[in-house]
Amino acid sequence: PHHPQNSLYLTIYTYTQSDTYIYIYIYISTFMYTSIVTEMEKKMTSYVGVLIVLCCCVTPARSDGSDHKYKAGDQVTMYANKVGPFHNPSETYRFFDLPFCAPAHVTEKKEALGEVLNGDRLVSAPYKLDFMYDKDSEIVCKKKLSKEEVSQFRSAVAKDYYYQMYYDDLPIWGFLGKVDKEGKTDPSEYKYYLFKHLHFEIFYNNDRVVEINARTDPNALVDITEDKEVDVDFMYSVKWKESTTPFEKRMEKYSQSSSLPHHLEIHWFSIINSCVTVLLLTGFLATILMRVLKNDFVKYAHDEEAADDQEETGWKYIHGDVFRYPKYKSLLAAALGSGTQLFTMTAFIFILALVGVFYPYNRGALFTALVVIYALTSGIAGYTASAFYCQLEGTNWVRNLILTEALFCGPLFLTFCFLNSVAIGYTATAALPFGTIVVIFLIWALVTSPLLVLGGIAGKNSKSEFQAPCRTTKYPREIPPSPWYRGTLPQMAMAGVLPFSAIYIELYYIFASVWGHRIYTIYSILFIVFIILLIVTAFITVALTYFQLAAENHEWWWRAFLCGGSTGLFIYGYCLYYYYARSDMTGFMQTSFFFGYMACICYGFFLMLGSVGFRAALFFVRHMYRSIKCE
């Protein structure tokens, strides 16, 4: 295709279920800059539609030059990915960091952005598994392990190191060895053994590979308990078997574990428990709130007819202050813009999940989607923040845009710098190569920032008014003293309990998938839980805002945002419980990665749910004061 002069053209790719690449074209023509700016406010409603079109532009391409069809005797390359402690999913190392038999020429597989972010580093393995060609006790190499290499293997076996490989894009796992603890109480008496013989069982359907299993020979062990030189013959066997499993369904076996009946029962129990709890509590609060509001309307209407000079009380008393602009309005607008962007990104991620893009072991698909969608939705953050800031009569909209861009990306960047330095110190695969960092920087500089600025300019030029139903007085009323439980922190605690109770059962499965080896594929249930979370967050924020206004406290803006986002703090509290009670993670690197990246995720939830709660409260307050006569 031909592209106009002075334009930016960027291609980012990831795997799809048909083993092709998605090419997402981000096309910005600089000569259209003026027309975009002047027309953007008219076309913001179609912005989401444009994103869908961008994300769905799929150009088929062959994966590794292969359509996964082979003839008898064809070479099918096996790739070794990584090794690491089983209980520390972030602490992974390159396969040949351990003294395995390396092939004469180690070939590195070219990887997509998401695969690198996921810590995948695929290289050619020393095993030759030709299509439909059986092998029995084939020797990979004969190796004399030095004392240092024996010690290295023993340390890996003691930490439950596992390996991961890929054969025709099918994953394979296994442990390096075993520890014999039978009848021994003193750890110094433990025996350490290294597996030296791998059995590969491969299933094929006509000319395609549909399944592969790997197991070790329990009798082929090497004693590596003592620090001494050991002679090892690394071997492997291959057995091909015919199967009726269609090629299109070969990945289904990896998702069956999360779809087992007892797991589904737990998930549905979680949904039913959440729904019942939420319906009862929200119904109870809604009944009370509607009855109180109805009585308030009747009372205020009667007061207006009876005596004009009667002193006003309750939330009507502060009608001249309730729409007084808050302190730090630029920060509030930036938080609202960032939260709206994260909410939009989450919605697109759910759409991709529900259509089946994130099938098990689709390497790096989620990370690629997060980077691309976050970059493409930055215009929403700029438009929302700038428009709201200008509605609040803000003047320095450029500083507001800079604050919007730095509000989420700033803490994330600092966290990444620290954790990437830790990974480099450990020589782990989680350390991003310099080239990947440059690519991410270019995406931010050439896509995220320009779209943010364009959205900000469109928001500034939208010239929309705040639409306050009541006129604000010149001087603010004094806020009466209130009991301690009406303070900001106690209100945040009360606001976060109910939404967290609706999701905490599902949180375990998500944590076990992200920070473990469990596979999570029931995205429909997760989507229902997410909808419940949004509803409860909005409702509880509205209820607390009403009680605050009824106590004649008109400073509700920041309180509504903080109460809505308080669920993010509860999720981070759950991180502490999960780390110490439900996982076996150890070591400085894994601990720092867990708490560092979970802090960023929970902060994102805080911004997203805070924006949801604030918008619900703003809608409610406008509706409430529009229903009475305000002088």
Side-chain angles (χ1 to χ4, degrees), residues 70-83 86 94-107 109 122-147 149-154 156-157 160-180 182 191-205 207-226 228-243 245 250 253:
Y70 306 99
K71 298 177 182 178
D74 281 357
Q75 180 180 352
V76 185
T77 305
M78 172 175 278
Y79 289 101
N81 188 11
K82 52 192 176 184
V83 295
F86 182 76
R94 293 178 179 270
F95 186 81
F96 290 113
D97 284 352
L98 290 177
F100 290 111
C101 295
H105 301 285
V106 177
T107 306
K109 183 179 182 295
L122 273 67
V123 296
S124 54
Y127 307 103
K128 305 297 181 185
L129 279 63
D130 297 334
F131 190 70
M132 295 179 61
Y133 186 72
D134 291 348
K135 292 184 178 181
D136 186 26
S137 299
E138 184 86 4
I139 294 180
V140 182
C141 74
K142 295 183 178 182
K143 191 166 187 177
K144 189 179 189 69
L145 298 179
S146 65
K147 294 180 181 180
E149 292 174 334
V150 168
S151 177
Q152 197 174 356
F153 270 125
R154 184 173 63 250
V157 171
D160 283 333
Y161 266 50
Y162 73 99
Y163 62 83
Q164 185 185 52
M165 301 185 195
Y166 283 93
Y167 184 71
D168 197 45
D169 288 335
L170 293 173
I172 313 164
W173 315 266
F175 287 98
L176 302 185
K178 70 174 185 176
V179 183
D180 184 10
E182 188 175 354
K191 292 287 188 179
Y192 299 89
Y193 297 98
L194 178 68
F195 297 132
K196 67 175 184 178
H197 195 162
L198 276 178
H199 291 270
F200 295 104
E201 191 176 44
I202 310 175
F203 295 86
Y204 67 96
N205 187 346
D207 55 355
R208 290 185 164 186
V209 179
V210 295
E211 185 179 348
I212 182 170
N213 298 315
R215 59 184 177 85
T216 55
D217 187 347
N219 299 319
L221 303 173
V222 180
D223 191 345
I224 54 173
T225 306
E226 299 179 4
K228 62 180 182 180
E229 294 183 350
V230 178
D231 292 319
V232 183
D233 294 345
F234 288 101
M235 297 182 293
Y236 69 104
S237 301
V238 185
K239 182 67 176 179
W240 287 84
K241 296 183 179 180
E242 192 170 5
S243 172
T245 303
R250 66 176 187 164
K253 81 164 194 173

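The chain is numbered in sequence order, starting from 1. Remember, predicted model here, so these are calculated numbers, not experimental data.
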Is there a side-chain contact between [X] and [Y] (heavy atoms, below 4.5 Å)?
X: Phe203; Y: Glu242; answer: no
X: Tyr70; Y: Asp207; answer: no
X: Asp217; Y: His199; answer: yes
X: Val76; Y: Tyr133; answer: no
X: Phe195; Y: Lys178; answer: yes

| task | Go through the steps for Glu201 and Arg215 under the test salt bridge (Lys or Arg N to Asp or Glu O under 4.0 Å), then give the verdict. | result | CA-CA 8 Å; Glu201 191 176 44; Arg215 59 184 177 85; 5.7 Å; no
Any donor-acceptor N/O pair, [X] side chain to [Y] backbone, under 3.5 Å:
X: Asp168; Y: Leu170; value: no
X: Asp180; Y: Glu182; value: yes
X: Lys135; Y: Asp130; value: no
X: Lys143; Y: Pro99; value: yes
X: Tyr167; Y: Ile202; value: no
X: Ser243; Y: Asn205; value: no
X: Tyr79; Y: Thr107; value: no
X: Asp134; Y: Trp240; value: yes

Looking at [atom1] of [X] and [atom2] of [Y], how far apart are the two atoms once the value is rounded to the nearest 0.5 Å?
X: Met165; Y: Leu198; atom1: CE; atom2: CG; value: 6.0 Å
X: Arg154; Y: Glu149; atom1: CZ; atom2: CD; value: 13.0 Å
X: Gln164; Y: Trp173; atom1: CD; atom2: CH2; value: 7.0 Å
X: Ile224; Y: Lys191; atom1: CD1; atom2: NZ; value: 12.0 Å

| Under a 4.0 Å N-O cut-off, is there an ion pair linking Glu229 with Lys144? | yes
| said: Applying salt bridge (charged side-chain N to carboxylate O under 4.0 Å, His left out), can you list everything that pairs with Lys228, at least two apart in sequence or on another chain? | reply: Glu226
Would you name the heavy atoms of [X] and [Y] that are closest together and state the gap between them?
X: Arg208; Y: Phe131; result: N-CZ, 3.9 Å
X: Ser237; Y: Ser137; result: OG-N, 2.9 Å
X: Pro126; Y: Cys101; result: CG-O, 3.1 Å
X: Phe95; Y: Val83; result: CD1-CG1, 3.8 Å
X: Ser124; Y: Phe96; result: O-CE1, 3.7 Å
X: Ala156; Y: Leu176; result: CB-CD1, 4.0 Å

| said: Walk me through whether Ile212 and Met78 qualify under side-chain contact (heavy atoms from CB on, under 4.5 Å). | reply: CA-CA 11 Å; Ile212 182 170; Met78 172 175 278; 4.2 Å; yes
| Crowding at OH, Tyr162 (>12 non-hydrogen neighbours, <6.0 Å) | yes
| message | Let's go through Val150 and Leu145 carefully: what are the C-alpha distance in whole Å and the side-chain angles of both, what is the deciding distance for side-chain contact (heavy atoms from CB on, under 4.5 Å) to 0.1 Å, and is it a yes or a no? | response | CA-CA 6 Å; Val150 168; Leu145 298 179; 3.8 Å; yes
| Ring-ring centroid check Tyr193 Phe153, cutoff 6.0 Å | no
| message | I'd like to know whether the aromatic ring centres of Phe86 and Phe175 sit less than 6.0 Å apart in this structure. | response | yes
| Given Asp169 and Arg250, is the side-chain contact (heavy atoms from CB on, under 4.5 Å) satisfied, shown in steps? | CA-CA 11 Å; Asp169 288 335; Arg250 66 176 187 164; 4.0 Å; yes
| query | Passes side-chain contact (heavy atoms from CB on, under 4.5 Å), Leu98 versus Gln152? Steps please. | reply | CA-CA 7 Å; Leu98 290 177; Gln152 197 174 356; 3.8 Å; yes
